[in-house]
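Here is the naming used below: chain letters follow the sequence lines, and residue numbers restart at 1 for every chain. These numbers come from the heavy atoms of this one structure, side chains and all, not from hydrogens, waters or symmetry mates.
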Amino acid sequence: MQQIEEIITGSVVGAMHSLYGRTCSPEQIQLQKTRREFEGDVTLVVFPLLKISRKSPEQTALDIGEHLVRNHTEIKHYNIIKGFLNMVIQDNYYLNYLNRIIPDASYGIQAGPDTGNLSPAGNQQPETIMVEYSSPNTNKPLHLGHIRNNLLGYSVCNILRATGKRVIKTNLVNDRGIHICKSMLTWLRYGKGETPETSGKKGDHLVGEYYVRFEQEYRSQVSELIAGGYSQEDAEKNAPVILEAQEMLRKWEAGDPEILNLWKTMNEWVYEGFNETYRKLGVDFDKIYYESETWLQGKKMVLDGLGKKQFFQHPDGSVWVDLRPEGLDEKVLLRSDGTSVYITQDMGTAQLRQEQYNPDKMIYVVGNEQNYHFKVLSIILHKLGFPWAESLHHLSYGMVELPEGRMKSREGVVVDADDLIGEMIQTARDMSRELGKLDGLKESEKENICKIIGMGALKYYILKVDPVKNMTFNPRESIDFDGNTGSFIQYTYTRIRSVFRKAEELGISKPGFVSGQIALNQKEKNLLQLVHEFPAVIADAAQTYNPSLIANFTYELVKEYNQFYHDFSILKEKNKDKRNLRLLLSEVVARVIRNSMGLLGIEMPERM
RNA sequence: GGUUCCGUAGCUCAGUUGGAUAGAGCAACAGCCUUCUAAGCUGUGGGUCGCGCGUUCGAAUCGCGCCGGAAUCACCA
């Protein structure tokens, strides 16, 4: 079924031909929502068509308006203001639309194929998209920046699947490298055998403490060396602890059993901690890659490339790629001691994924600080001649900053993910107690609702912002529960649910359809138009990988609904057709709220 | 210094395939609960859309040049 905008677009193309004998493409037809201050629902901007009509804006609009009204009963009438043709759509069109979507509980959401089925993509539809997100290092706990990453990644996956794509959610755990060795080193030196069990600390936090401790010690050694006459650079290269960490990495890569054992143990602690945080955030993955399992593949690719003279070697043995022809610099791929760097394993992981799943697109949800890295990765894979190098897309998002500037995990200046989640839920509890609306519910129910509200506020706060933009988070000002917030949206939903509970008490049953002969008031019409727009919003969000479009659309919808709710009674409406309309309209609005927020990973409580 | 991204109300953000008089929320102030949940609704004040030039019938939106901020250009990840 075509939506009215598509019908009008097609018809205007036809009109241009029959009126002026010239063809034009659908792309030249500019339709927009009529601004609130003018009468109408859909507006055609005629200026771009003047070249074809060779008439005045008013005359062109008149010609087209007449043509449209003659050919489409959906268009009631029109008016012309300057070069704008404002069309009023029949209420009947929206009522029919409402009747059509009532049976569709998952309105707007297409059922994408099961992601659990991890077979390689075949040649037939649907398109398979692999999305990497989260990608933590195992040397420290997750912070607010990771929260943004996880929420974005998870939401983008939902949105893509809602447009019928086959989506594979993947995580690349950075479980190896010099940073892990840093934590291991300090734990060996100062840990006295401390474990999550003996200390009562969450595993990722425990390991993180030793990482911070390493950095402290490293900095103090660097300062000492500088005081002893070293240059900054030499001091940083020669501080004893960093040399030890490097030695440990060499042992790790050589397969030293003692080092490997410690490494496994400490990583396990971290994974348990991460899994708890993931569970609280409500995110999950279909396939987890570990760098420790992909780096050798990457190393092999580098050596192959070296053999084929795509890369070259310095006298000290390090391997490089020359990206000067691409306007970049030379880039190291293997260190002089033979150990691999960050990009090495990303090459290996990319190839493994192609072999295993053959996705049509590979999306990396990674912060904008790595823009250069992904540019380099694409070019290298290109140089190596992989046709799928084209399918890589870096979904780059902005940093979360504190009022003082960016977070520094090396110095422990971070907003910890677990802490923040805990605070959000606590604030929800405080507020609920204050408002007293949950009195009479069981403790477990109250707790569940507060979790939904606290997490909803956090998720909405993060996801409503355009991903490309940096955002500031002020820990001293708690995240709002009023205004443009997740709570406002949840609140609107619970109001609707409450109406239906009340309806049941009053013995008012939910109708299956609405009469097509009702005159809509302005609020009802606005709401139906927004509901009508929902599928297009999802398509847009999927195309641009942008969950904030969903968030902002839903805000607009609930704002409109609250005005409607305030201005009109639903259950006390005497006219039965009108009452039915309002009931069904409310039902569909609740559904859109639930489905759209579901795309953001935000749950809806039944009451709050 | 090179490259990339960002700059809209006091604050946080919408609006950008070029369209009509640039919108919300927070904060401030003034109203609305014997009514389907006031986590709501209504109103008031608040703007050289960083600056300049250009393209255009029309620019917050496109181009160029500045200014301000961020990221990156590591044998870190």
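Among the atoms of the strands shown, base atoms are found under 4.0 Å from some heavy atom of L435(A). In this structure, Q30(A) reaches the bases: a heavy-atom distance under 4.0 Å links it to at least one base atom across the strands shown. Counting any heavy atom pair closer than 4.0 Å across all strands shown, V45(A) reaches a base atom. Using a 4.0 Å heavy-atom distance criterion, Y555(A) is classed as a sugar-phosphate-only contact. At a threshold of 4.0 angstrom between heavy atoms, the contacts of R406(A) are confined to the sugar-phosphate backbone, with no base atom among them. Across all strands shown, M399(A) has no heavy atoms under 4.0 Å from either base or sugar-phosphate atoms.
Using a 4.0 Å cut-off between charged nitrogen and carboxylate oxygen, R36(A) and E560(A) count as a salt-bridge pair. Taking a cutoff of 4.0 Å between a charged side-chain nitrogen and a carboxylate oxygen, E524(A) and K578(A) do not qualify as a salt bridge. Using a cutoff of 4.0 Å between basic side-chain nitrogens and carboxylate oxygens, E253(A) and K299(A) are scored as salt-bridged. At a threshold of 4.0 Å, the pair E505(A)-R501(A) does not count as salt-bridged, since none of the basic side-chain nitrogens sits closer than that to a carboxylate oxygen.
Here the side chain of Q563(A) is nearest to one of A77(B), C41(B), C36(B), namely C41(B). Here the nucleotide nearest the side chain of R335(A), chosen from C41(B), C76(B), G40(B), is C76(B). For I81(A), the side-chain atoms get nearest to A20(B) when compared with the rest of A20(B), U37(B), A74(B). Each of A20(B), C57(B), U37(B) was ranked by its minimum atom distance to the side chain of F38(A); first place goes to A20(B). Nearest nucleotide to the side chain of R495(A), out of A20(B), A38(B), A74(B): A38(B). Considering only side-chain atoms of S498(A), the nucleotide from C36(B), U8(B), A77(B) that sits closest is C36(B). For F488(A), taking side-chain heavy atoms from C-beta onward, the closest of the listed nucleotides A14(B), C36(B), G40(B) is G40(B). Side chain of T494(A), nearest nucleotide from C36(B), A77(B), U37(B): U37(B). The side chain of I570(A) lies closest to C36(B), out of U21(B), C36(B), A77(B). Distances were taken from every side-chain heavy atom of N484(A) (C-beta onward) to each of C36(B), A71(B), G25(B); the shortest belongs to G25(B).
Taking atom C1' on both nucleotides, A9(B) is separated from G46(B) by 6 Å, rounded to a whole Å.
Going from atom CG of N371(A) over to atom P of A77(B) covers 19 Å, rounded to whole Å. In this structure, the NE2 atom of H314(A) is 14 Å from the C1' atom of A74(B), given to the nearest Å.
Judged by distance alone, with hydrogens and angles left aside, N86(A) brings a side-chain donor or acceptor within reach of the base of A20(B), the pair sitting under 3.5 Å. Side-chain atoms of S548(A) and base atoms of A14(B) include no donor and acceptor less than 3.5 Å apart.
Aromatic pair F374(A)/H393(A): centroids not less than 6.0 angstrom apart.
Checking the phosphate oxygens (OP1, OP2) of G25(B), a side-chain nitrogen or oxygen of K559(A) falls inside 4.0 Å. Taking 4.0 angstrom as the limit, R35(A) places a side-chain polar atom (N or O) nearer than this to OP1 or OP2 of G23(B). One finds a side-chain N or O of K469(A) lying less than 4.0 angstrom from the OP1 or OP2 phosphate oxygen of G7(B).
Test E447(A), K446(A), K451(A) against R429(A) for side-chain contact (heavy atoms from CB on, under 4.5 Å) and you get one pass: E447(A).
For S336(A) and F47(A), each mapped to the nucleotide of RNA chain B holding its nearest heavy atom, the one lying further toward the 5' end belongs to F47(A). Each of P467(A) and N368(A) was assigned the nucleotide of RNA chain B with the nearest heavy atom; the assignment lying further toward the 5' end belongs to P467(A).
Using cut-offs of 30° and 60° for the angle between ring planes, the F47(A) and F84(A) rings count as perpendicular. The aromatic rings of W295(A) and W252(A) lie tilted to each other, with the angle between the two planes from 30° to 60°.
Within 90° of 0 lies the glycosidic angle of C33(B), which makes this nucleotide syn.
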Q. Pairs counted as Watson-Crick or G-U wobble with both distances under 3.5 Å: what dot-bracket string results for RNA chain B, using | for bases tied to another strand?
A. (((((((..((((.....[...)))).(((((.......))))).....(((((..]....))))))))))))....

Q: Kindly indicate, with the supporting measurements, whether the criterion salt bridge (charged side-chain N to carboxylate O under 4.0 Å, His left out) is fulfilled by R324(A) and D322(A).
A: CA-CA 6 Å; R324(A) 283 174 303 187; D322(A) 185 4; 3.0 Å; yes

